[in-house]
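Read through the structure below, which is laid out as structure tokens, and then see the notes.
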Number of protein chains: 2
Amino acid sequence: MLISTKGRYAIRVMIDLAENRQSGYVPLRDVAERQQISEKYLESIISLLSKAGLVEGIRGKGGGYRLTREPEEYTAWEILNVANGTMAPVACLKDGAPECDRHDICKSLSLYENIYELMELYLGEITLPQLVSGEFTTAEEFAGKKL
Amino acid sequence: MLISTKGRYAIRVMIDLAENRQSGYVPLRDVAERQQISEKYLESIISLLSKAGLVEGIRGKGGGYRLTREPEEYTAWEILNVANGTMAPVACLKDGAPECDRHDICKSLSLYENIYELMELYLGEITLPQLVSGEFTTAEEFAGKKL
DNA sequence: GTTCAACCTATTTTCTTGATAGGTTTTTCG
DNA sequence: CGAAAAACCTATCAAGAAAATAGGTTGAAC
């Protein structure tokens with residue numbers, strides 16, 4: 001599966017934080033409750049987002065998490081990459097993967113690279129506010145069939 | 001991973017069969033040797049392709065596999081779907097998956113549906129001869145940036 | 001009737017992912 | 001100060017999927 005549970009949850013967390021950002025720092029507990037996701041599991045996910053700098057947390061009473069930038073500065077591509085680990089459609093395109101023996105002769109490598117790039121182009125255009133509102137470019141529009 | 005080893009191998013098998021189709025029925029043994037893939041493992045993959053009608057096999061001496069149609073009638077989308085089981089980017093879009101509780105309220109469902117569709121649009125355009133030759137629409141071209 | 005090759009079923013092994021558990025630090029506030 | 005709230009950290013377990021292997025049966029050709 002290209003997008004794991006971690007990735008899906010991360011999107012939901014980011015949407016939740018965007019929707020509730022006027023309340024300052026949001027405790028993970030609240031997010032977990034609203035999203036009906038185990039708080040413990042969410043912890044491991046938001047930890048990735050935090051380490052990557054997409055959100056910041058402060059500890060102690062009154063603490064919680066918040067976005068580090070304006071919502072429109074996040075793309076679905078970035079969020080998914082961080083939480084999911086990779087968005088490579090095949091193992092051999094994963095970052096840090098050992099170069100495959102067949103690298104030079106592989107006829108399908110280019111196909112996978114293009115899938116990868118297509119995803120980046122599409123998801124890189126979709127911003128957090130668009131995810132919040134549900135209004136974003138459709139696949140058909142993106143493919144230029146309707147423009 | 002969106003495309004499993006099965007999917008990748010299936011693409012290679014189809015390319016191999018296309019390249020060698022003037023030799024009539026091609027024994028799996030030959031494909032396995034050329035592609036450097038365990039014959040036993042290939043068996044399980046070509047079995048999927050055969051059941052789905054993409055290739056046909058005949059038994060006995062002089063037997064083997066061959067394509068059932070003209071190469072240009074196969075798309076990467078079809079091949080990958082058959083061998084990979086699904087091309088759904090998330091579990092909840094898999095064929096036969098139980099409808100998720102959050103179906104109505106899920107803000108990200110539409111995103112995943114569009115990823116799915118984008119993939120179908122792109123891979124549905126790429127034919128077997130294009131895979132053989134390595135000449136097909138790039139992601140950039142597809143996204144309309146260069147047209 | 002032997003050989004070749006598809007076809008079938010089951011099992012094992014390996015790996016990733018999902019999920020849980022149990023703690024420690026840091027901060028606020030009474 | 002000390003209790004509560006919250007992030008943060010590390011380890012481990014559980015489940016499932018994917019990769020790969022094993023050992024056969026059936027059918028066709030020579």
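Order of the sequence lines fixes the chain letters, A, B, ..., with proteins taken first and strands second; residue numbering starts at 1 for each chain. Atoms considered below: every heavy atom in the structure, side chains included; atoms not considered: hydrogens, waters and symmetry mates.
- For the pair Lys61(B) NZ and dC30(D) C1', the computed distance is 6 Å after rounding to whole Å.
- Across the protein-nucleic acid pair, Leu48(B) atom CG and dA6(C) atom P stand 15 Å apart, rounded to whole Å.
- For dA21(C), the OP1/OP2 oxygens have no side-chain nitrogen or oxygen of Tyr41(A) closer than 4.0 Å.
- Here Thr5(B) reaches the OP1 or OP2 of dA19(D): one of its side-chain N or O atoms lies under 4.0 Å away.
- Lys40(A) contributes a side-chain N or O that forms a donor-acceptor pair with the base of dG22(C) under 3.5 Å.
- Per the geometry, CE belonging to Met1(A) stands 10 Å off P belonging to dG18(C), to the nearest Å.
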* When you look at Glu56(A) and Lys51(A), which way does the salt bridge (charged side-chain N to carboxylate O under 4.0 Å, His left out) test go after all the steps? -> CA-CA 8 Å; Glu56(A) 64 178 337; Lys51(A) 277 173 186 154; over 6 Å; no
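- Toward the 5′ end of DNA chain C lies the nearest nucleotide of Ser4(A), the other residue of the pair Gly62(A) and Ser4(A) mapping further downstream.
- Separating the OH atom of Tyr65(B) from the P atom of dG27(D) is a distance of 15 Å, rounded to the nearest angstrom.
- Residues Gly60(A) and Glu43(A) each lie close to DNA chain D; by heavy-atom proximity, the contact nearer the 5' end of the strand is made by Gly60(A).
- Contact check, Tyr9(B) against dA19(D): no side-chain N or O comes under 4.0 Å of OP1 or OP2.
- Atom CD1 in Ile45(B) sits about 12 Å away from atom P in dT21(D), given to the nearest Å.
- In this structure, Ala18(A) and Leu128(A) approach most closely via the heavy-atom pair CB-CD2, 3.9 Å.
- Within the nucleic acid shown, Ile46(B) has no heavy atom closer than 4.0 Å to any nucleic acid atom.
- In terms of hydrophobic clustering, with Ile, Leu, Val, Met, Phe, Trp and Tyr side chains grouped at heavy-atom distances under 4.5 Å, Phe136(B) and Tyr116(A) are assigned to a common cluster.
- Glu19(B) has no carboxylate O lying under 4.0 Å from a charged side-chain N of Arg34(B), or vice versa, which leaves the two without a salt bridge.
- Leu2(B) places its CG atom 15 Å from the C1' atom of dA18(D), with the value rounded to the nearest Å.
- Atoms CG (Leu42(A)) and C1' (dA6(D)) sit 14 Å apart, rounded to a whole Å.
- With dC9(D), dA7(D), dA6(C) as the candidates, the nucleotide lying closest to the side chain of Lys51(A) is dC9(D).
- Between the side chains of Thr68(B) and Tyr74(B), at least one donor-acceptor pair of N or O atoms lies under 3.5 Å.
- Tyr25(B) comes within 4.0 angstrom of nothing in the nucleic acid, heavy atoms only.
- A sub-4.0 Å separation between OP1 or OP2 of dA19(C) and a side-chain N or O of Ser38(A) is absent.
- Atom CD of Glu39(B) is separated from atom P of dA20(D) by 15 Å (rounded to the nearest Å).
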